[in-house]
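Worksheet: one structure, shown below.
Computed from a predicted model, the values in this text were never measured in an experiment.
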Amino acid sequence: MIRFFTCLILLAGVLVFTAGCSSEQTPKPGKYRKNNFYFPKLKDYSLQLSLLTSRREYYAGEENVVLTFSLKNTGLKPVTIAEWYAYEPANIKLFYRPGGTENNSEKWLASPTFDPQKRSLQNRSPLTLKPSTTQALVQVPAAFLKKLNNKNGKKVTYSIYAELNLHSVTVKSIPAEIYIK
C-alpha cells in the first residue's frame, strides 16, 4: 500500500513538472508565420504568371469583370506551394495605372481582389505544378473598373499587372495594356 502511494505521489510530481514546461518555438529566419503555419521561402523555382484574358477593352464603371491569369512552372522540377489559398482570388494582387506600359511617371495602384472580411482565408490547399505540363488558372475580379470615369468617351490606355499574394514565392506578370471607354 505504501508503494502504491509513493508511485502516485511520484506520478503527480511528474505531471506537475511537465505541465510547467513550454514547447513554444520561434520562427526560423526565412520563414513566414501566418495563422500558426510556417511557409518556408521556396528556392530554385521558375514560375511564370501571365494574363490569359483576351478581352482588352472595358467600360469605365463596368462591374463584374473577371481577369484570368495563368501560373505555370517553367522550371525542370515540380514546385509545391503549401501557402496556396483555397479561395483562389486571394492568391493574386492586381495593380493598375493610367497610361501605357512604357509610362513610368504614374504610380501603380492596388485593386482589391477579395474581401478579407467576408472570406475565411485560413483555408489552404497546397498547389503542385509539374514542369511545363500543368498550370493553375486563377480568375481575379477587376474591381478598379467600377470607380473609373471616362467623361470624354475616348479610349484611355491603362496598364495592369499581377503578382502573387504569397510569401513563399515571388512572381510578377509582365504589364499588359487595356483600354477604357
Open item on the list: Assess the residue pair Asn103 and Glu177 against the criterion (side-chain contact (heavy atoms from CB on, under 4.5 Å)); give the C-alpha distance rounded to whole Å, side-chain angles, the decisive distance to 0.1 Å, and a yes or no.
Closed with: CA-CA 11 Å; Asn103 178 15; Glu177 291 183 358; over 6 Å; no

Open item on the list: Counting neighbours of CG on Asn152 that are heavy atoms of other residues, nucleotides or ligands and sit closer than 6.0 Å, is the number greater than 12?
Closed with: yes

Task: Considering all heavy atoms, the nearest Leu166-Ile81 contact - done: CD1-CG2, 3.8 Å

Enumerate donor-acceptor pairs with a distance under 3.5 Å from any side-chain N or O in residues 129-147 to protein atoms, sequence neighbours excluded.
{"residue": "Thr134", "atom": "OG1", "partner": "Lys130", "partner atom": "N", "Å": "2.9"}
{"residue": "Gln135", "atom": "OE1", "partner": "Ser70", "partner atom": "OG", "Å": "2.6"}

Task: Closest non-hydrogen atom pair, Asn104 against Thr101 - done: OD1-O, 4.5 Å

Task: Identified side-chain contact (heavy atoms from CB on, under 4.5 Å) counterpart of Leu67 within the set Thr53, Ile92, Thr113 - done: Thr53

Task: Derivation and outcome, side-chain contact (heavy atoms from CB on, under 4.5 Å), residues Leu148 and Val156 - done: CA-CA 11 Å; Leu148 294 181; Val156 179; over 6 Å; no

Open item on the list: With a 3.5 Å distance limit and no angle check, can you tell me whether Tyr87 reaches the backbone of Asn123 through a side-chain donor-acceptor pair?
Closed with: no

Task: Qualifying side-chain hydrogen bond (donor to acceptor under 3.5 Å, both in side chains) pairs with a residue from residues 155-165, counting only residues at least two apart or across chains - done: Glu57-Lys155, Lys93-Glu163

TODO: Give, for atom CG of Leu51 and atom CZ of Arg56, the distance between the pair rounded to the nearest 0.5 Å.
DONE: 4.5 Å

Open item on the list: I need the minimum non-hydrogen distance between Leu49 and Leu164, along with the two atoms involved.
Closed with: CD2-N, 4.2 Å

TODO: Could you grab the distance from atom NZ of Lys172 to atom CD1 of Ile174, nearest 0.5 Å is fine?
DONE: 13.5 Å

- [ ] Check whether the side chains of Glu83 and Ser168 place a donor and an acceptor atom closer than 3.5 Å, and report yes or no.
- [x] yes

- [ ] State the CZ-CG distance between Phe95 and Leu109, to the nearest 0.5 angstrom.
- [x] 9.5 Å

- [ ] Answer with yes or no whether the side chains of Thr128 and Thr80 bring together a donor and an acceptor at under 3.5 Å.
- [x] yes

Open item on the list: Using modelled atom types and a 3.5 Å cut-off, is there a donor and acceptor pairing between side-chain atoms of Asn91 and backbone atoms of Trp84?
Closed with: no

